[in-house]
Amino acid sequence: MQRQLTIIRRGVAEIVPEQSLVQKLRRSILTGKPLRVKLGMDPTAPDIHLGHTVVLNKIRQLQELGHIAHLVIGDFTGQIGDPTDKAETRKQLTPQQVEENARTYKEQVFKVLDPEKTELVHNSTWLAPLRFAEVVRLASTLTVARMLEREDFTKRFRENRPIHVHEFFYPLMQAYDSVALHTDIELGGTDQKFNLLMGRTLQREFGQQEQVALMMPLLEGLDGIHKMSKSLGNYIGIDEPTQQMYGKAMSIPDVLMPRYFELVSQVSNEELVAIQSGLADGSYHPRDAKMRLAREVVTRFLGEQAAEEAEKHWREVFQQGDLPSDIPEANLAAGRYWVIRLLVELGLAGSNSEARRAVEQGAVRVDGQRVEDVNAELDVRDGTVVQVGKRRFQRCRTVGV
RNA sequence: GGAGGGGUACCAAAGUGGUCAAAUGGGGCGGACUGUAAAUCCGUUGCGGAAGCUUCGAAGGUUCGAAUCCUUCCCCCUCCA
């Protein structure tokens, strides 16, 4: 049991109440019955990113300890939208959209979870048939004041932004999921605290044993400040193109390395300690740590070969400043081109003005030669490579045009 | 139903008749530097090869001149009930 606790505790932000977790584990070990672990997935945004995997990793660990996971597809709640941390009311999705998103979710989620020990359930199964009287009973368990304790609601209220009544039902529905599933442990980010605790309240109301709320920290995104989220664009999706995924991993701020290793990487606890102390005393270069992490992440989601390619590309282009081995090609008639036109033609600039700026700023190279004159006219041959900045390239193909 | 506040560029937010293509911050892009696409510093950020053109919720109007004034419309928020 001590072993289980050590594993479970890694990277966790908060366990409420911890004592209850200990009891549940003990009971599980004695009876040989696995604990029922729940994770709700709101199918509004179908793409899973590294931030989501923090919680998924934890579930995976629990699965490896023998416990069983219920993955709740919030097909019903998804039509409401969790107001958590949202500045505005989310738009409600149609059932078709929810189904579509849920499908994508499933595919991605099993890159982390063990399908053998995962049960997929839809919460419309038990939420849709509820009668109004039952809904009222749920609603009667909490007060408006209590609801407004939630920071996001308070904030919106204070800032005169709208809060719709149906949004109040979100926590209740999520909590009711726990009742329906007899959940022992519910996982979520720290921002889910209110919802997770609501599950305890409702389970008590229904005479069940209360679940343990296990909260994971919110992973900071590429900007190093805000939590990783799709809407902020500071995320690494687990379905991204190889080089992009590797590159994004390399652009994580140095200071976040210890955290990423703790929450994202699967290195053993011993290695984790070694890495973190190495980073702390400077004996381990943050870049090397980052390359290791980037490689691990790409390997995990896209395979080892992809990871190798990505690393090679990285070394060529950014460490040695060489041309990458795979430059996108564009067909073009041979001849003389005005630089600006050439850039726009190749899609390396969105407008003439933008292209001119790039040249003025010394960002443009043609066959390795920096072009500084905005009025330059250039000969384009087959194979001419045009580069803007450090990472945008186009090779011209004049054959067959 | 009544009273009030507001809609400015990718986002936030100044600007209330000319000096506004529109301050400032964030973001983006670029440069320098660093064996990192990190950090830091600097530059740049409507379109246009130039003259110039089009932008401040929408449409009209006043004026030599409007993001700024007037009219109508659309959208958002708050308070009272």
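For clarity, every value in this text was computed on a predicted model and none was experimentally measured. So you know, we letter chains A, B, ... as the sequences are listed, proteins then strands, and number each from 1.
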Just the rounded figure in Å: distance from [atom2] of [N] to [atom1] of [X].
| X | N | atom1 | atom2 | answer |
| --- | --- | --- | --- | --- |
| A/Asn352 | B/rU45 | CG | P | 16 Å |
| A/Asn234 | B/rG27 | CG | P | 11 Å |
| A/Leu348 | B/rG28 | CG | P | 20 Å |
| A/Leu343 | B/rG49 | CG | P | 13 Å |

Say you pick atom [atom1] in [N] and the same atom in [M]; how far apart are they, in whole Å?
| N | M | atom1 | value |
| --- | --- | --- | --- |
| B/rU45 | B/rU24 | C1' | 14 Å |
| B/rG30 | B/rA21 | P | 29 Å |
| B/rG28 | B/rC75 | C1' | 29 Å |
| B/rU55 | B/rU8 | C1' | 10 Å |
| B/rC74 | B/rC41 | C1' | 47 Å |
| B/rA66 | B/rG15 | C1' | 13 Å |
| B/rA32 | B/rA37 | C1' | 15 Å |
| B/rA38 | B/rG18 | P | 43 Å |

If the threshold is 4.0 Å, N to carboxylate O, is there a salt bridge linking [X] and [Y]?
| X | Y | value |
| --- | --- | --- |
| A/Lys227 | A/Asp191 | yes |
| A/Glu220 | A/Arg259 | yes |
| A/Glu240 | A/Lys248 | yes |

In the strands shown, is [N] matched to any nucleotide by a Watson-Crick or G-U wobble pair with both distances under 3.5 Å, and which?
| N | value |
| --- | --- |
| B/rC79 | B/rG2 |
| B/rA39 | none |
| B/rA66 | none |
| B/rA12 | B/rU24 |

Nucleic acid footprint by protein, nucleotides 30-38 of chain B - heavy-atom cut-off 4.0 Å, B for base, S for sugar-phosphate alone
SSS--SBBB
With a 3.5 Å cut-off and just heavy-atom distances, do the side chain of A/Ser353 and the base of B/rG48 make a donor-acceptor pair?
yes
Donor-acceptor pair, distance only, cut-off 3.5 Å: does the side chain of A/Asp254 make one with the backbone of A/Pro286?
no
Can you tell me how far the CG atom of A/Asp184 sits from the CG atom of A/Leu35, to the nearest 0.5 Å?
5.0 Å
Residues that A/Arg295 engages under side chain to side chain donor-acceptor pair (under 3.5 Å), provided they are two or more places apart:
A/Glu308, A/Glu311
Less than 6.0 angstrom from the centroid, inside 45 degrees of the normal: does A/Arg391 satisfy that with respect to the ring of A/Phe318?
no
Does OP1 or OP2 of B/rA50 have a side-chain N or O of A/Arg356 closer than 4.0 Å?
yes
A/Phe393 and side chain to side chain contact (heavy atoms under 4.5 Å, CB included): which partner among A/Val388, A/Val317, A/Asp326, A/Leu346?
A/Val317
